[in-house]
> 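Dropping the structure in here first, questions after.
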Amino acid sequence: MSGDRGTGEIEATLIAGDGIGPEIMAATVDILAALGAPFRWDHQQGGMAGVAAGGDPLPQATLDSIKRTGLALKGPLTTPVGGGFRSVNVRLREAFSLYANVRPVRTMVEGRYRDIDIVLIRENIEGLYVAFEHYIPIDDDPHAVALSTGVNTKAGSRRIIRFAFDYALRNGRKKVTVVHKANVLKALTGIFLETAREVAEQYAGRVAMDDRIVDACAMQLVMNPHQFDVIVTTNLFGDILSDEMAGLVGGLGMAPGANIGEHAAIFEAVHGSAPDIAGKGLANPLAILLASALMLEHVGRGELAERLRAAMQGVLHADKIRTADLGGTASTQDFARAMIARVSAGASNAGA
Ligand code: NAI
Ligand code: MG
């Protein structure tokens, strides 16, 4: 991918986030240091932590930092449901035009399915998440009617669909499945399918294309996930299907994501701040570690990403150290210690 291919230090913004964020991020920073990852962290705040510190869920200093570094590792950020401030995740994606959200799922532990290897590419800025929403009051009920307008553009659709086909080419993948609801939302998601058919022609003979209606796709992901290779879809469908896909490989603790734009990239887990387990040392740091591996690849340090993933396999299978979501008894810290032992050993053996 893009970025520095040398061995020099790379400045990156780090946002610990809310809920389980500080626990999994502290573990990740230690593991990456032991691995010899090149990142020099600029610590910044966001979410509820940003509100607590300075009254702002997305402080200007955080925006300035990402603008400068063009690279961030971000813990989950809590968003109030219903009222309250707008999702900081959505604002960050908009602020840096991070139009592509890449969410790979791959089997690492035995579960309901074997050998899952699917990459979902989600349009990250348009669709229903522009959230042009309002209420219409009737009589004395201020919330009598709710309205929302989605926006998909041909340019935005073309950009993400090209990204998906180029991703397939670069990564030796054979097929892109376009997921839509063009039978009902004929304009909003019809434009996406129509654009996909045009773009696919430019890749004919190199990458195949097919398409699915989103509800049928959700069922087929459970019945026969192996038919899927790369999936490209609009914002809301991508959000929903990527959590479903995490369920194919052991849950949200296993699913990383990369938000990619022309001038910046933000790496994160698919999961949220998990308030139900926050502060208890129960969180699985694998998802954010897998996101760190994507970040290493992004800056041209694929060999470190490989070593990091190999250490994860070693800890899960040889050391048999797993957090509770994977049926184990290890704490976040236990898992981190085992990872540090493996990546440190790997570092001293490198080249031997
Ligand atoms: P969630 O993803 O935080 O949690 C869903 C379930 O998965 C919970 O039972 C949780 O304990 C479990 N889980 C999640 N990550 C885990 C991990 N690493 N290890 C073990 N178990 C894990 O989703 P929820 O509860 O709907 O959202 C909580 C908050 O997070 C909300 O404020 C939401 O807006 C925010 N959120 C933020 C995201 C981000 O920062 N990118 C993404 C999704 C949600
Ligand atoms: Mg989500």
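We count residues from 1, following the sequence as given. Ligands are counted one by one from 1 in listed order, and the atoms in each one are counted from 1 as well.
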> Considering only protein heavy atoms, which is closest to atom 13 (N) of ligand 1, and at what distance to one decimal place?
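For atom 13 (N) of ligand 1, the nearest protein heavy atom comes out as A274 CB, 4.1 Å.
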> Quick check on A287 - does any of its heavy atoms sit under 4.0 Å from an atom of ligand 1?
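No, A287 has no heavy atoms under 4.0 Å from ligand 1.
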> Identify the closest protein heavy atom to atom 18 (N) of ligand 1: which residue and atom is it, and at what distance?
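So the nearest neighbour among protein heavy atoms is N284 O, 2.9 Å.
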> Backbone, side chain, both or neither: what part of D276 comes under 4.0 angstrom of ligand 1, heavy atoms only?
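Contact part for D276 vs ligand 1: side chain (C-beta onward).
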> At a 4.0 Å cut-off, with the gap strictly under it, does some heavy atom of T323 reach an atom of ligand 1?
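For ligand 1, residue contact (heavy atoms, under 4.0 Å) with T323 is absent.
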> Which pair of non-hydrogen atoms, one from P104 and one from P256, has the smallest distance, and what is that distance?
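So the minimum-distance heavy-atom pair works out to O-CD, 3.5 Å.
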> What atoms in ligand 1 come closer than 4.0 Å to a heavy atom of P76?
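So the atoms of ligand 1 that pass are 40 (O).
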> Sub-3.5 Å donor-acceptor pair from the side chain of K175 to the main-chain atoms of Q227, do we have one?
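Such a contact is found between K175 side chain and Q227 backbone.
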> Could you give the distance from CE (M209) to CD (E201), rounded to the nearest 0.5 Å?
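These two atoms lie 10.0 Å from each other.
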> Which atoms of ligand 1 sit under 4.0 Å from any heavy atom of V270?
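Answer for ligand 1: 42 (C), 43 (C).
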> Atoms of ligand 1 less than 4.0 Å from P275 heavy atoms?
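Every atom of ligand 1 under 4.0 Å from some heavy atom of P275: 28 (C).
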> Could you find the nearest protein heavy atom to atom 6 (C) of ligand 1 and give me its residue, atom name and distance?
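Residue, atom and distance for the closest contact: L252 CD1, 4.3 Å.
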> Note the single closest protein heavy atom to atom 36 (N) of ligand 1, along with its residue, its atom name and the distance in Å.
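In this structure, atom 36 (N) of ligand 1 has G272 CA, 3.4 Å as its nearest protein heavy atom.
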> Looking only at distances, can you tell me whether any N or O atom of H271, backbone or side chain, sits closer than 3.5 Å to an N or O atom of ligand 1?
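Such a contact does occur with ligand 1.
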> Specify whether the nearest protein heavy atom to atom 24 (P) of ligand 1 is under 4.0 angstrom away.
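Flag for atom 24 (P) of ligand 1 set to false, no protein heavy atom closer than 4.0 Å.
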> Any nitrogen or oxygen of L77, side chain or backbone, less than 3.5 Å from one on ligand 1?
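In this structure, L77 places an N or O atom under 3.5 Å from an N or O of ligand 1.
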> Is the Y167 ring parallel, tilted or perpendicular to the F163 ring (thresholds 30°, 60°)?
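Aromatic pair Y167/F163 classed parallel.
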> Looking at atom 33 (C) of ligand 1, what's its closest protein heavy atom, distance included?
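Sorting protein heavy atoms by distance from atom 33 (C) of ligand 1 puts T79 N, 4.2 Å first.
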> Just how far is it from atom CD1 of I15 to atom NE2 of H43, taken to the nearest 0.5 Å?
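Output value for this atom pair is 11.5 Å.
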> Measuring to the Mg ion (ligand 2), does D239 have an N/O/S atom at a distance below 2.8 Å?
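Checking the Mg ion (ligand 2) against D239, an N, O or S atom does fall under 2.8 Å.
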> So which heavy atom in the protein is nearest atom 39 (C) of ligand 1, and how far is it from that ligand atom?
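In this structure, atom 39 (C) of ligand 1 has N89 ND2, 3.1 Å as its nearest protein heavy atom.
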> Without swapping roles, check the side chain of R212 against the backbone of V179 for a donor-acceptor pair under 3.5 Å.
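No, because the side chain of R212 does not come within donor-acceptor range (under 3.5 Å) of the backbone of V179.
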> Which of the numbered atoms in ligand 1 are below 4.0 angstrom from a heavy atom of E268?
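Here the atoms of ligand 1 in question are 41 (N).
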> How far is atom 30 (O) of ligand 1 from its nearest protein heavy atom, and which residue and atom name does that atom have?
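For atom 30 (O) of ligand 1, the nearest protein heavy atom is S273 N, 3.0 Å.
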> Please check this pair: side chain of R307 against backbone of L35, looking for a donor-acceptor N/O pair closer than 3.5 Å.
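Flag set: sc R307 to bb L35 pair under 3.5 Å.
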> Rounded to the nearest 0.5 Å, what separation is found between the CZ atom of R162 and the OG1 atom of T195?
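With rounding to 0.5 Å, CZ (R162) is 10.5 Å from OG1 (T195).
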> At their closest point, which heavy atom of A305 faces which heavy atom of L296, and how far apart are they?
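Closest approach of A305 to L296: N-CD1, 3.9 Å.
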> Taking heavy atoms and a distance under 4.0 Å, where does P285 meet ligand 1: side chain, backbone, both or neither?
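For P285, no heavy atom sits under 4.0 Å from ligand 1.
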> Measure from atom 27 (O) of ligand 1 to the protein's non-hydrogen atoms and state whether any distance is below 4.0 Å.
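Given the 4.0 Å limit, the answer for atom 27 (O) of ligand 1 is no, no protein heavy atom qualifies.
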> Any donor-acceptor pair under 3.5 Å linking the side chain of D18 with the backbone of S273?
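Checking the backbone N and O of S273 against the side chain of D18, no donor-acceptor pair under 3.5 Å is found.
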> Between L92 and I66, is any pair of side-chain heavy atoms under 4.5 Å apart?
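Yes, at least one pair of side-chain atoms sits under 4.5 Å.
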> How does D325 reach ligand 1, by side chain, by backbone, by both or by neither, if only non-hydrogen atoms under 4.0 Å count?
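It is the side chain that gets close, since no backbone atom is under 4.0 Å.
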> Answer side chain, backbone, both or neither: which part of I277 comes under 4.0 Å from ligand 1, heavy atoms only.
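The part of I277 near ligand 1 is the side chain, not the backbone.
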> Select one of side chain, backbone, both or neither to describe which atoms of D18 lie under 4.0 Å from any atom of ligand 1, heavy atoms only.
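Neither; nothing of D18 gets under 4.0 Å from ligand 1.
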